[in-house]
Amino acid sequence: MPQKHAHSHGEPPYPAVLYKKRGDSMSFATFYQRSVDDPSAFWAEQARRIDWHHPFSQVLDGSRPPFARWFVDGATNLCHNAVDRWVATRGEQAALIAVSTETNTEKTYSFRELHAEVNRTAAIMQALGVGRGDRVLIYMPMIAEAVFAMLACARIGAIHSVVFGGFASNSLASRIDDATPKLVVSADAGSRAGKILPYKGLLDEAIKLARHKPAHVLMVDRGLAAMATVAGRDVDYAEQRRLHMDAKVPAVWLESNEASYILYTSGTTGKPKGVQRDVGGYAVALATSMDTIFCSKPGGTFFCTSDIGWVVGHSYIVYGPLIAGMATVLYEGLPIRPDGGVWWSIVEKYKVTRMFSAPTAIRVLKKQPPELMKKYDLSSLQALYLAGEPLDETTSSWISSALGVPIVDNYWQTESGWPIMTIARNVEDKPSKLGSPGVPMYGYKVRLLNEASGELCGANEKGVVVIEWPLPPGCMQTIYGDDQRCIDTYWATQVPGSPNPAYSTFDWGIRDDDGYYFILGRTDDVINVAGHRLGTREIEESISSHPNVSEVAVVGIEDKLKGQVAVAFVIPKAAVDTAQGRAALEAEIMGTVDRQIGSVGRPARVYVVGLLPKTRSGKLLRRSIQAICEGRDPGDLTTIEDPSSLQQVKDALLA
Ligand code: AMP
């Protein structure tokens with residue numbers, strides 16, 4: 001029988017810690033092997049890194065593949081581990097550093113202050129009727145209150161669903177309908193390059209469009225935009241905060257497998273998938289990654305430039321650094337405003353020890369005058385981590401010599417929650433290879449499958465990157481509310497010779513003779529614009545709603561700065577013959593996407609064609625269109641309905 005003991009630090013039944021302590025030398029191969037040969041022993045050791053209110057009785061329940069339940073019966077809480085745990089020992093240390101170059105404000109919250117704010121927000125949520133298991137949708141700019149709201153949800157066992165602020169009404173409405181939140185937390189506005197983005201207006205429109213109506217909307221008024229309030233539904237955050245100044249809301253101890261959050265991501269259909277994550281497995285995976293991969297030390301400062309609306313923001317702006325006892329920087333603004341030195345000024349001022357960004361941002365900074373970087377003392381910085389899209393060699397070499405610290409590429413996805421491949425520098429400082437994110441991380445049984453034959457690929461042979469069941473702790477539990485969709489979408493393949501199903505990442509990969517992997521792009525219709533994952537189908541659906549669009553194909557094409565950009569080819573209902581008419585239609589379509597999905601989804605160009613390349617069964621040949629746009633061979637066209645459609649695409653590009 002598991003005995004009750006509060007805040008255990010690894011007393012029995014946990015085995016002794018076997019992971020590397022400083023000074024020990026353990027090869028990564030040994031560390032990795034243990035994780036796949038005996039996952040229960042391996043993860044029980046890692047579980048000692050966090051506080052458990054109640055010990056788990058079973059490390060892995062694998063009775064229902066492809067699902068996996070980690071740390072069964074264990075009771076813990078993400079907010080406790082991120083905040084409360086540090087208040088006694090690091091109460092006055094910086095925890096959250098909120099910097100906005102949009103509003104020119106900076107504020108540092110110590111762990112004690114963060115604890116107080118989170119308690120207040122949790123009390124407000126409870127007063128609005130939010131409890132364990134209820135969903136709270138967070139549609140917020142990068143401000144401290146967004147982090148308070150996420151942690152407050154974690155504290156009371158509510159499931160948060162953060163929607164990226166760049167999404168507009170239709171995207172938001174479909175997420176409201178899927179998550180059916182009791183409460184939405186939002187703000188009057190966001191700001192980008194000084195331009196006000198009226199969040200409240202977009203939210204009101206989304207709630208109008210949605211079938212589900214949230215009972216309350218908690219609004220942070222930043223004084224950036226006028227906003228209409230709906231009586232009885234909308235509640236002012238500042239007013240509520242005053243009422244709950246001294247609130248103490250105990251962390252609710254959750255069973256490890258209860259849901260902590262839902263994060264929507266794009267796939268092959270127009271309907272976004274709600275990736276659902278657990279509590280205990282996620283906390284353990286993050287704590288382990290913070291040490292082994294991010295070499296974190298309590299008291300250090302982590303600066304992740306992503307957005308809380310993406311998985312990188314969830315794991316490495318909010319939960320990861322705080323669970324590791326580090327200060328985390330929350331940055332609202334562009335990397336080049338007021339000038340291209342702004343991030344380096346933050347590194348200097350807050351003595352940032354570890355930074356995490358995306359290749360696109362580094363390509364943007366590469367265009368800046370070099371003296372902007374030299375102006376600042378960057379001696380605190382020990383490593384830069386890059387993820388979200390392939391890291392090209394030019395960018396990697398440039399930033400590596402400019403900063404003089406290790407550049408650590410890491411490959412993962414919304415579904416995994418933490419790196420699938422990288423170099424775990426704190427286990428073994430293996431050399432990295434240009435263009436490769438590294439080797440599979442502990443717990444991930446990564447395989448490459450030949451797309452046509454389903455056989456395992458040999459070295460230097462391109463295949464689909466799959467992961468053999470079970471996925472390690474921290475990975476997606478399911479698609480929210482739809483186990484079957486999760487099974488059908490992700491678990492349709494099997495590794496030859498294995499009795500277990502395999503999870504598909506939908507990425508192409510290749511492994512060299514030394515076991516290093518290279519990621520070669522998506523196998524599906526997902527595109528990656530500046531590290532942001534977008535579904536071409538969602539964009540197509542939005543474009544189709546334009547009254548003069550009969551058919552549309554959206555593809556991602558290579559872009560020097562953003563990695564990829566979306567371009568659309570449309571067949572209009574009524575002929576558009578003039579250049580002027582085409583330009584007008586392009587502008588209208590861009591406006592439609594802006595309004596419905598948001599500017600993140602806006603295609604860079606809209607081309608008018610009379611015919612689209614399709615197979616005889618009517619399937620759009622997106623890969624062929626993409627190849628033509630990129631000046632490559634369109635590939636096998638034996639099944640094409642009408643080859644003249646290819647010429648139409650070529651002509652449109654030249655028109
Ligand atoms: P997201 O779910 O938005 O994080 O997007 C995940 C996708 O981004 C992956 O499936 C890859 O296609 C791509 N990706 C992420 N990190 C890397 C990386 N380090 N190298 C290459 N591609 C990456």
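Here the structure is a predicted model, which is why all the values come from computation and not from measurement. For the single chain, residues carry numbers from 1 onward in sequence order.
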Asker: Can the ring centres of Y109 and F148 be said to be less than 6.0 Å apart?
Answerer: yes

Asker: Please list, chain by chain and in numerical order, all residues satisfying side-chain hydrogen bond (donor to acceptor under 3.5 Å, both in side chains) with D221, sequence neighbours excluded.
Answerer: none

Asker: Where do M373 and W398 come nearest, in terms of heavy atoms and distance?
Answerer: CE-CH2, 4.3 Å

Asker: Tell me, which pairs form a side-chain hydrogen bond (donor to acceptor under 3.5 Å, both in side chains) where one or both residues lie in residues 187-199, sequence neighbours left out?
Answerer: E102-S191

Asker: If you measure from CD1 on I399 to CD1 on I407, what distance do you get to the nearest 0.5 Å?
Answerer: 5.5 Å

Asker: Rounded to the nearest 0.5 Å, what separates atom CG in D525 from atom CG in L534?
Answerer: 12.5 Å

Asker: Looking only at side-chain N and O atoms, does Q477 offer a donor or acceptor that is under 3.5 Å from a partner on Y282?
Answerer: no

Asker: Please report whether the ring centroid of F167 lies less than 6.0 Å from that of Y139.
Answerer: no

Asker: Please check if the side chain of S416 supplies one atom and the backbone of C475 the other of a donor-acceptor pair under 3.5 Å.
Answerer: no

Asker: Any Lys/Arg nitrogen of R595 or E205 sitting under 4.0 Å from an Asp/Glu carboxylate oxygen of the other?
Answerer: no

Asker: Is D204 paired with K200 through a side-chain N to carboxylate O contact shorter than 4.0 Å?
Answerer: yes

Asker: Apply the test side chain to side chain contact (heavy atoms under 4.5 Å, CB included) to residues L322 and L151: give CA-CA distance (whole Å), side-chain angles for both, the deciding distance (0.1 Å), then the verdict.
Answerer: CA-CA 11 Å; L322 294 175; L151 292 166; 4.1 Å; yes

Asker: I'd like to know if the side chain of T360 pairs up with that of R363 as donor and acceptor (distance under 3.5 Å, no hydrogens or angles considered).
Answerer: yes

Asker: Do W418 and Y444 have their ring centres less than 6.0 Å from each other?
Answerer: yes

Asker: Where do Y264 and R175 land on the side-chain hydrogen bond (donor to acceptor under 3.5 Å, both in side chains) test, with the steps shown first?
Answerer: CA-CA 7 Å; Y264 289 91; R175 287 154 174 81; over 6 Å; no

Asker: Who passes side-chain hydrogen bond (donor to acceptor under 3.5 Å, both in side chains) against Q564, sequence neighbours left out?
Answerer: none

Asker: Nearest 0.5 Å, please: how far is OG1 in T505 from CZ in R522?
Answerer: 7.0 Å

Asker: For W508, which of T523, I519, V465 qualifies under side-chain contact (heavy atoms from CB on, under 4.5 Å)?
Answerer: T523

Asker: Does E558 have more than 12 heavy atoms from other residues, nucleotides or ligands lying within 6.0 Å of its CD?
Answerer: no

Asker: How long is the span from the CD1 atom in I539 to the CD1 atom in I589, to the nearest 0.5 Å?
Answerer: 12.5 Å

Asker: For the rings on W412 and Y316, is their centre-to-centre separation under 6.0 Å?
Answerer: yes

Asker: What closest approach, in Å, do V352 and F303 show between heavy atoms, and which atom pair accounts for it?
Answerer: CG1-CB, 3.6 Å

Asker: Let me see the working for V405 and Q382 under side chain to side chain contact (heavy atoms under 4.5 Å, CB included), right down to the final yes or no.
Answerer: CA-CA 6 Å; V405 298; Q382 291 160 12; 5.7 Å; no

Asker: May I have all residue pairs that pass side-chain hydrogen bond (donor to acceptor under 3.5 Å, both in side chains) and include part of residues 157-170, sequence neighbours excluded?
Answerer: H160-Y319

Asker: Set out, in order, the CA-CA distance, both residues' side-chain angles and the distance that settles side-chain hydrogen bond (donor to acceptor under 3.5 Å, both in side chains) for Q596 and S545, then state yes or no.
Answerer: CA-CA 10 Å; Q596 296 187 356; S545 73; 3.0 Å; yes

Asker: Please name all residues satisfying salt bridge (charged side-chain N to carboxylate O under 4.0 Å, His left out) with K273, sequence neighbours left out, ordered by chain then number.
Answerer: none

Asker: What heavy-atom pair brings A530 and E389 nearest, and what distance separates the two atoms?
Answerer: C-OE2, 3.9 Å

Asker: Regarding R354 and the six-membered ring of F294, is the cationic atom NZ or CZ under 6.0 Å from the ring centre and inside 45° of its axis?
Answerer: no

Asker: Walk me through whether V136 and M150 qualify under side chain to side chain contact (heavy atoms under 4.5 Å, CB included).
Answerer: CA-CA 9 Å; V136 173; M150 290 169 76; over 6 Å; no

Asker: Walk me through whether Y490 and E415 qualify under side-chain hydrogen bond (donor to acceptor under 3.5 Å, both in side chains).
Answerer: CA-CA 10 Å; Y490 294 103; E415 291 85 345; 2.6 Å; yes

Asker: Could you state the interatomic distance from CD1 (I323) to CH2 (W86), rounded to the nearest 0.5 Å?
Answerer: 10.0 Å

Asker: Less than 4.0 angstrom from a charged side-chain N to a carboxylate O is my criterion; do E117 and R241 meet it?
Answerer: yes

Asker: Mind running side-chain hydrogen bond (donor to acceptor under 3.5 Å, both in side chains) on E538 and S266 for me, showing each step along the way?
Answerer: CA-CA 8 Å; E538 283 168 88; S266 303; 2.7 Å; yes

Asker: Under the criterion side chain to side chain contact (heavy atoms under 4.5 Å, CB included), I'd like the reasoning laid out for D339 against L372: C-alpha separation, chi angles, the key distance, then a yes or no.
Answerer: CA-CA 8 Å; D339 64 42; L372 282 173; 3.9 Å; yes

Asker: With rounding to the nearest 0.5 Å, note down the distance linking CZ in R425 to OG in S432.
Answerer: 7.0 Å

Asker: Using the salt bridge (Lys or Arg N to Asp or Glu O under 4.0 Å) rule, pick out the option among R222, K107, R337 that qualifies with E332.
Answerer: R222

Asker: In chain order, what residues pass the side-chain hydrogen bond (donor to acceptor under 3.5 Å, both in side chains) check against T105, with sequence neighbours excluded?
Answerer: T103

